[in-house]
Amino acid sequence: MSNSVETSSDLPPYRYSAALAADIEARWQERWAAEGTFEAPNPTGPLARAGRPAGDRKLFVLDMFPYPSGVGLHVGHPLGYIGTDVYSRFQRMQGTNVLYSMGFDAFGLPAEQYAVQTGQHPAVTTAANVANMRRQLRRLGLSHDLRRSIDTTDPDYYRWTQWIFLQIYNSWYDASARRARPIAELEAEFAAGLRATPDGRAWSVLGATERHAALDAYRLAYLSDAPVNWCPGLGTVVANEEVTAEGRSDRGNFPVFRRTMRQWMMRITAYADRLLEDLDLLQWTDALKSMQRNWIGRSEGARVRFATAAGDLEVYTTRPDTLFGATFMVVAPEHPMVAALTAPKWPAGTDPRWTAGAGTPAQAIAEYRRAAASKSDLARQETKDKTGVFTGSFATNPVNGEPVPVFVADYVLMGYGTGAIMAVPCGDQRDFEYARAFGLPIPAIQEPPAEWFAERGITSSLDTATWPEAFVGDGRYVQSGMLDGDRSIADAKRRITDWLEVRGRGTGAIQYKLRDWLFSRQRYWGEPFPIVYDANGGARALPPEMLPVLLPDTDQFSPRTFDPDDEHSDPESPLDRLDHFKHVILDLGDGPQPYTRDTNVMPQWAGSCWYELRYCDPTNTNSFVDPAVERYWMGPQPEVRPDHPGGVDLYVGGVEHAVLHLLYARFWHKVLYDLGHVSSKEPYTRLFNQGYIQAFAYTDERGLYVEAAEVEERDGGFWHHGKPVHREYGKMGKSLRNAVSPDEMYDAYGADTLRLYEMSMGPLDASRPWNTRDVIGMHRFVQRVWRNLVDEGSGALRIDDSPANDETRRLLHKTIAFVGEEMEALRFNTAIAKLIEFNNHLTGVVSEHGSCPAEVARTMVQLLSPLVPHVAEELWAKLGHTESITYVAWPVADPALLVDHTVEIPVQVNGKVRSRIVVPASADEAVLEATARADDKVVAALAGASPRKVIVVPGRLVNLVV
RNA sequence: GCCCGGGUGGCGGAAUCGGCAGACGCGGAGGGCUUAAACCCCUCUGACCCAACGGUCGUGCGGGUUCGAACCCCGCCCCGGGCACCA
């Protein structure tokens, strides 16, 4: 650290240096831990504290908890943590009981893969990583309640993850009541005949298996065949992002097959409308809400049935008004009707482009489906060329009776709508391209406006052969039967939908893009499912008293692998092999019987779907959270905060979780709410996305990243070991080799300086570049504060009991008011700027008088303490206080000192500032105008002209318009 | 392609109910302290013109509204993030 002050040898003995900071920080961290300073009392239970009751004012501040990685932290990680810590400390000084802790989302793939490579048990590496990260977080001075720290891999934690799974499994969604209810109530409705069974027979005549199936069809957690990327060579299912464009696995380069597999699913789609509507309750940014809305993807349209020889083919469309332009249909390769639609031979006169050169439709389709199955979702989506084959079958367009050919093409996805579309090539660009490629007719059904043709340099025409692309927009309907002449899409949609409904060919429908959540993994390092199967293969939920289902110990963490080309192999997860785990004899209420355990594990999302609730009551062994404790921290508080719907008061984390984690957690929370286990409708009331710390990264001529710390800048270029390198810019991290360790910052400046620098760099929600060179500025600031209060030679305080002068007091009270406002709004950068300004003023005062007024010193230390807690504690103690500054009341600004007697007002002539006048703060418009017009510079600027208009904004400006 | 952000000095950023553009920090220049240096303290630091007073320009680009626009409107460009053959 060439620019560190540590290189100088003859510093004053009590200068605030990195060494002094290290000493101060270590001492206060020890004392905080020893005294349990940050332990927030619960209203009841073991975490209640006799001497410190849980008051009415509570605040739950939550960070997105980290995955305990083996490489530890870099300075980009704690940005959000420092922000929440500053806010929590600020709130404690307002007399608020703050729940603030940190846990670890420790199940997941990296630990498992590390275990596979090294043979070390994930539990061992996880424990070591957690310990290391706890140490690093403590070094930052974060004010966590350590009693509440949780680890998702702890059986005392995942016991309750399993318990919540059972709650979901044992529930169904009552669409008319719009809420989840216990499955027993559904069974009662069936039994009482209030609800029809699937085939209409009486409940009493159904066998056990039939009853089981009827209930399973309603459960919020259910088993279903779901499409997955199966990689026999790895023996596991892989994510889209792990599949290359060639349809092979990232690791090992094995073939990956798209196929369906029996998987646990969560019926999150049942909650689509509530997840959408309740966004209105939340104090989230509009950007974030819109991401969730787009993901849920509600659309209004119609389901339309096209008759075929194989039965009705149903499509979903958002534009039923375009039905007259539908000239062909496309079904996804996985569509269940593909086989039935496949004609025995090509109809006479089939266009050769439709057959892919195959002798029969069956051959063409089999080949096409095989090719589609070997492509990843990603590859299917990236392909620009339109591919597909004709089934040999035709459907009948219900509005005009025209026969339309049915194709199989992979640009239609099984996962959305019905997996089949009606293609309207004149109004949809994808359909347009497909029609062009396959020589299908493209009749115009809406007349584009004249500008549309003008912009494309063609003459107006309804002959689509002259069109370069599909027309998407509003236009008068043509060649559309009953719609001809209509101009309103909304009106046309309504008319067509009514027409279809009357004739039984379709219905208005609401569709969501949101799909059910694939919830099982064939892996080792996750929560086992609390489910067993009886001799008939029927799933049975374990009773809560049998929880936790412990993850069994083993030293074989890899799944069984297969011949890489054996598409029809089936995964054998690590738990599958453990007979003592898999085969059990249990008494589930009907005597001891043999069962087989489910050998899937839950996804990493599971543990993070409810962790905020466990922070509330981490030691509870009777329930996942005590209801009274839950109500205190999470419930609405109509008396205290009428507009607050309950939930975590402030949740801070990266925008990468804007959709999945936040949606899954909201879903679980809503189920728990419906079942009466939690008291708020939403888990995270206010959400704040912190930005990323970015940094320069450098690539050599081969395009590989080199260690950024070793790069030097000279001669207008960048050099690494004498070779030129290219500068890039990106998120700080290991992959770009541009990470800066917090340890370097502690050594050079201390934790308080690092905290201050990260908070001063810019707004918390903005990404910003790391610049080590700039850190010194915040170190100098702390140093100046220290020097204003402490003699650097003797270490003695340099304060006095004289009152501060009027100017200093006014400035101090303005600073109090401003800093308080900015902290409340998480604008720490501007709060720090104001504190620096005040301290710069104070430097002048101290150099004039030789000491600082004690009253000013005390307040300054209080204002600084959330940001730089260690040095603030040290100064507070030096000022004679024995208690920690943590709960000392935040200073209150005197309103009388916030208003100035006189103000300086700019005077504009024709909108340009020509002068400034000093007037009493209370000056009215007449006084302002008169003063302005009497000003020499203004007179000069007017040059004898008389203003024809005068704008006076009291307190702001005067503008004379000539 | 769609959606969401964002473009302000050499750098990070202030200032948005439409009212003094550039707070604060870094970097740079000059001065003080010192035998000397470091540290520290003070002053200056958007560009251009001017000896100076002062003036002109200036918040990605082009228009517009307004007494007045970084901020509002229209049309573009660029950067970041997210989503995507979504029917």
Side-chain angles (χ1 to χ4, degrees), chain A residues 3 5 7-12 15 17 285-291 293-295 297 299 301 315-319 322 330 377-378 380-384 386 409-413 415-424 427-431 433-434 511-513 655-656 658-659 689 691-692 694 729-731 756-757 760-763 765-771 773-778 780-781 783-784 787 792 827 829-837 840 843-844 847 904-913 915-916 937 947-951 953 955-962:
Chain A
N3 50 2
V5 295
T7 49
S8 304
S9 54
D10 49 354
L11 290 174
R15 169 157 297 179
S17 63
T285 60
D286 290 338
L288 201 67
K289 286 186 183 181
S290 106
M291 279 191 242
R293 284 198 187 99
N294 291 342
W295 189 268
S299 67
V315 302
Y316 173 74
T317 175
T318 54
R319 294 290 304 273
T322 63
V330 182
D377 263 7
L378 223 57
R380 260 173 79 160
Q381 291 157 15
E382 277 169 357
T383 309
K384 293 280 174 277
K386 291 284 173 289
D410 65 5
Y411 80 91
V412 171
L413 302 178
Y416 183 71
T418 63
I421 64 159
M422 62 179 213
V424 183
D428 182 289
Q429 188 58 24
R430 293 174 313 264
D431 297 345
E433 287 169 20
Y434 193 89
Q511 181 71 38
Y512 298 93
K513 284 202 309 200
V655 74
E656 71 267 24
V659 179
N689 285 127
Y692 296 117
Q694 300 177 299
Y729 182 62
K731 189 176 159 187
L756 206 51
Y757 173 63
S760 73
M761 291 165 85
D765 56 355
S767 292
R768 72 291 299 269
W770 177 267
N771 198 341
R773 196 180 67 177
D774 290 351
V775 182
I776 186 115
M778 290 304 116
R780 285 185 193 139
F781 168 48
Q783 217 166 52
R784 280 195 274 258
R787 190 183 303 119
E792 290 188 321
R827 289 190 294 259
N829 53 330
T830 46
I832 291 168
K834 189 64 83 179
L835 286 163
I836 293 174
E837 269 185 81
N840 288 347
T843 302
S847 82
E904 193 186 70
I905 301 284
V907 182
Q908 300 179 335
V909 177
N910 289 333
K912 287 180 192 282
V913 178
S915 186
R916 292 166 173 56
K937 289 179 185 169
R948 65 183 163 83
K949 190 170 180 183
V950 178
I951 288 124
V953 186
R956 302 301 294 217
L957 63 29
V958 178
N959 189 10
L960 307 172
V961 184
V962 181

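Naming: A, B, ... by sequence-line order, numbering from 1 per chain.
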Between N or O atoms, less than 3.5 Å apart, protein on one side and nucleotides 3-7 of chain B on the other: list the pairs.
from	atom 1	to	atom 2	distance (Å)
B:C3	O2'	A:N294	ND2	3.0

Could you go over nucleotides 15-22 of chain B and give all protein N or O partners under 3.5 Å, atom names and distances?
from	atom 1	to	atom 2	distance (Å)
B:G19	O2'	A:R956	NE	3.4
B:G19	N2	A:Q908	OE1	3.4
B:C20	O2	A:R916	NE	2.9
B:C20	O2	A:R916	NH2	2.7

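Distances shown here put a side-chain N or O of A:N829 below 4.0 Å from the OP1 or OP2 atom of B:A14. Using a 4.0 Å cut-off, some side-chain N or O of A:R780 falls inside it from OP1 or OP2 of B:C40. Distances shown here put every side-chain N or O of A:N771 at or beyond 4.0 Å from the OP1 or OP2 atom of B:G27.
A donor-acceptor contact shorter than 3.5 Å is absent between the side chain of A:D765 and the backbone of A:N689. A:D428 places no side-chain N or O within 3.5 Å of a backbone atom of A:V424 that could act as its donor or acceptor partner. In this structure, the side chain of A:N959 engages the main chain of A:G911 through a donor-acceptor pair within 3.5 Å. Remark: side-chain polar atoms of A:R768 are paired, donor with acceptor, to backbone N or O of A:A766 under 3.5 angstrom.
When the P atom of B:U66 is taken as reference, atom CG of A:N910 falls 16 Å away, rounded to whole Å. To the nearest angstrom, P of B:G68 lies 9 Å from NZ of A:K949. Between the CE atom of A:M778 and the C1' atom of B:G27 there is a distance of 14 Å, given to the nearest Å. Atom CG of A:D765 and atom C1' of B:G81 are 13 Å apart (whole Å). Between the CD1 atom of A:I836 and the P atom of B:A14 there is a distance of 13 Å, given to the nearest Å. Rounded to whole angstrom, the span from the CG atom of A:D428 across to the C1' atom of B:G1 amounts to 12 Å. Rounding to whole angstrom units, CG of residue A:D431 and C1' of B:G1 are separated by 15 Å. Summarising the geometry, the separation between CG on A:D774 and C1' on B:A14 is reported as 16 Å, rounded to the nearest angstrom.
Side-chain atoms of A:R773 lie closest to B:G10 of the nucleotides B:C67, B:C85, B:G10. Taking only side-chain atoms of A:V961, from C-beta outward, the nucleotide of B:C24, B:C40, B:C67 with the closest atom is B:C67.
Smallest separation of non-hydrogen atoms from A:V913 and A:P906: CG1-CB, 4.3 Å. Annotation for A:P769 and A:M761: closest pair O-CE, 3.2 Å, computed over non-hydrogen atoms.
Remark: the separation of the C1' atoms in B:A37 and B:C48 is 38 Å, to the nearest Å. Taking the C1' atom of each, B:U8 and B:A70 are spaced 7 Å apart, rounded to whole Å. A gap of 13 Å separates the C1' atoms of B:G13 and B:A21, to the nearest Å. Rounded to the nearest Å, the gap between the C1' atom of B:A23 and that of B:U45 is 15 Å. Taking the C1' atom of each, B:C73 and B:C79 are spaced 24 Å apart, rounded to whole Å. The gap from the C1' atom of B:G25 to that of B:G9 amounts to 14 Å, rounded to the nearest Å. Across B:C74 and B:C20, the matching C1' atoms stand 29 Å from one another, rounded to whole Å. Rounded to whole Å, the separation between the P atoms of B:C71 and B:U16 comes to 14 Å.
Put simply, CD1 on A:I832 and CZ on A:F781 are 7.5 Å apart, with the number rounded to the nearest 0.5 Å. Atoms CE and OG1, on A:M422 and A:T322 in that order, are 3.5 Å from each other to the nearest 0.5 Å. The OG atom of A:S760 sits 7.0 Å away from atom CD1 of A:I836, with the distance rounded to the nearest 0.5 Å.
Using a 4.0 Å heavy-atom cutoff across all strands shown, A:K912 reaches sugar-phosphate atoms only and no base atom.
Each of A:T843 and A:G419 lies near RNA chain B, and the nucleotide nearest A:T843 is the one positioned closer to the 5' end. Annotation: of the two residues near RNA chain B, A:G844 and A:Y757, the 5′-most nearest-nucleotide partner is A:Y757.
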Where do A:K949 and A:I951 land on the side chain to side chain contact (heavy atoms under 4.5 Å, CB included) test, with the steps shown first? CA-CA 7 Å; A:K949 190 170 180 183; A:I951 288 124; 4.3 Å; yes

Kindly determine whether A:R784 and A:N840 satisfy side chain to side chain contact (heavy atoms under 4.5 Å, CB included), including the steps that lead there. CA-CA 8 Å; A:R784 280 195 274 258; A:N840 288 347; 4.1 Å; yes

Taking it one step at a time, do A:Y757 and A:W770 satisfy ring-ring contact (aromatic ring centres under 6.0 Å, His included)? CA-CA 10 Å; A:Y757 173 63; A:W770 177 267; 5.0 Å; yes

Checking A:R787 against A:T843 for the side chain to side chain contact (heavy atoms under 4.5 Å, CB included) test, could you report, in this order, the C-alpha distance in whole Å, the side-chain angles of both residues, the deciding distance, and whether it holds? CA-CA 9 Å; A:R787 190 183 303 119; A:T843 302; over 6 Å; no

Base-pair map of RNA chain B as dot-bracket, where | denotes pairing with a different strand and pairs are Watson-Crick or G-U under 3.5 Å: (((((((..(((......[....)))((((((.......))))))((((....))))..(((((..]....))))))))))))....

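With no hydrogens or angles considered, no side-chain donor-acceptor pair links A:S299 and A:Y512 at under 3.5 Å.
Regarding the sugar-base torsion, B:G9 falls in the syn class, its angle being within 90° of 0.
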